[in-house]
Undergrad: 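One structure coming up, written as structure tokens, with questions to follow.
On a predicted model such as this, the values are computed, not experimentally measured, just so you know. As the structure lists them, so they are numbered: ligands from 1, and atoms in each ligand from 1. Every heavy atom of this structure was used, including side-chain atoms; hydrogens, water molecules and symmetry mates were not.
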Amino acid sequence: MRITDLIEKKKLGHALSEKEIQYLIQAYVSGEIADYQMSAFAMAVYFRGMEDKETASLTMAMANSGHMLDLSCLGNRSVDKHSTGGVGDKTTLIIAPIVASLGGCVAKMSGRGLGHTGGTIDKLASIPGYKTSLKEETFIRQAEAQGVSVVQAGGVFAPADSKLYALRDVTATVDSIPLIASSVMSKKIAAGAKNIVLDVKTGSGALMKTLEDSRILAQAMVSIGKSCGRNVTAMITDMDTPLGNAVGNALEVEEAIIVLQGQGPRDLRDLCLRLAGEMLALVHGGDGAYWEKEAAASLSSGKALQYFRDWIRAQGGDDRIAENISLLPHARYKREIYAPRSGYIFHTDTQKIGLTSLLLGAGRNKKEDVIHMGSGILLKAKRGDHVLQGDLLATLYTEDSDLLIAAKEELLAAYVYADTPPKAVPLIYDVIR
Ligand code: URA
């Protein structure tokens, strides 16, 4: 087989066979196919798309490109959750201990921040002492004993995806539905959980900006998961405004703890309970709504917070943060930003808010950049809120005071005002089983 023939075939809009896709991925991982050839192939997929069968073959070829985790010792208790990426999305930190407190086992690999979106592993790394990598045996044993273990994705798992993802990131081929679906699902299949809940974000802060595209992506991922013998539910959820009020690593851990303490922003709490309900319904059977109530009871009784403590301690972190959030890293400088006019916040360009947080030091521009764990934004007003001129909109946090001026401008540019409120949008648009 010749890579140029495969690029040509896709360029003309034809489907590749399973064998051709297997060759493509094996030869790319081994270095026989060069990055520039794979970039051309990814761009051809971006414009021509892939048939469902091709996307499934690509997923399996990438999942098989490395080690596959065997979680069979956890039986049907193993459950994973994956978000397609957003701003302020700290749900894993809340959901994992809730699900563990109700008999699920969340053995999960999470990514670093990507572009304007934050990454769970960066958030966890802001907890003093937390180990983001564990030996495989320890990882599984901890999930069995505590109900949660979360480590950094990549390494020996789906290395083809790590390589292709990095390439897509710099060749404008990230937002392709078959490439996203195969990227996400190859990691989920390699990570071994029997049950998977996908949180497919939609809106200005998501990779998929329209509901229609989000639905196509969700359906593609559910059908890939099913064809691999996994139980999969996808929820399409709002990312047209940040989730919760905190954006940035330690700030988000702080907000997650507040929710685990039984308070915190309503949107964040409600979404966590719904996602946890769906995860538990896959683990135990029954109705998501029933498990959502159980999840709420676990939060209000403090049981979920206890599981959070146990998880953090087991993974080397300072579990005293559960009571004393001042032990988390804090930024040296802060600046309050005020509303320039009165009115309703009609729209927030959520991608811009994510980029403001990145600019403040909470994310990376290059993959080797060092994150400032305390940097980020605490939002006071979001889409739909009414503000008066001079009201507090947000507080910026950073380690470098020189960044504050540019960040203030970027943040202010993310807000659109009107004299009438925007149409209310649902937190959850759809559930696809
Ligand atoms: N998340 C992933 O893991 N892969 C993508 O391609 C996009 C989001």
Undergrad: What atoms in ligand 1 come closer than 4.0 Å to a heavy atom of Ser183?
TA: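 Ligand 1 atoms under the 4.0 Å threshold to Ser183: 2 (C), 3 (O), 4 (N), 5 (C), 6 (O).
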Undergrad: Which is it for Leu207 and ligand 1 at heavy atoms under 4.0 Å: side chain, backbone, both or neither?
TA: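 It is the side chain that touches ligand 1; the backbone stays farther off.
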Undergrad: Quick one: list whatever passes salt bridge (Lys or Arg N to Asp or Glu O under 4.0 Å) with Asp70, sequence neighbours left out.
TA: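 Applying salt bridge (Lys or Arg N to Asp or Glu O under 4.0 Å) to Asp70 gives none.
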Undergrad: Which atoms from ligand 1 have a heavy atom of Tyr165 less than 4.0 Å away?
TA: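 So the atoms of ligand 1 that pass are 4 (N), 5 (C), 6 (O), 7 (C).
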Undergrad: Does one side chain, of Asp349 or Tyr415, offer a donor that lies under 3.5 Å from an acceptor on the other?
TA: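 There is no such pair between these side chains.
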Undergrad: Looking at side-chain heavy atoms only, is the closest gap between Gln26 and Glu32 below 4.5 Å?
TA: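 When only atoms from C-beta onward are counted, Glu32 and Gln26 do not touch, as no gap falls below 4.5 Å.
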Undergrad: Under 4.0 Å from a heavy atom of Arg168: give me the atoms of ligand 1 that qualify, with their elements.
TA: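 Numbered from 1, ligand 1 contributes 6 (O).
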Undergrad: Would you check if Val45 and Lys10 make a side-chain contact, meaning some heavy-atom pair closer than 4.5 Å?
TA: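 Answer yes - side chains close enough.
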Undergrad: Distance under 4.0 Å to a non-hydrogen atom of Val184: what atoms of ligand 1 satisfy this?
TA: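 Heavy-atom distances to Val184 below 4.0 Å select 1 (N), 2 (C), 3 (O), 4 (N).
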Undergrad: Which residue holds the protein heavy atom closest to atom 3 (O) of ligand 1, what is that atom called, and what is the gap in Å?
TA: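 The closest heavy atom on the protein side is Lys187 NZ, 2.5 Å.
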Undergrad: Between Ser183 and Asp161, does any side-chain donor sit less than 3.5 Å from a side-chain acceptor?
TA: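 Side chains of Ser183 and Asp161: pair found under 3.5 Å.
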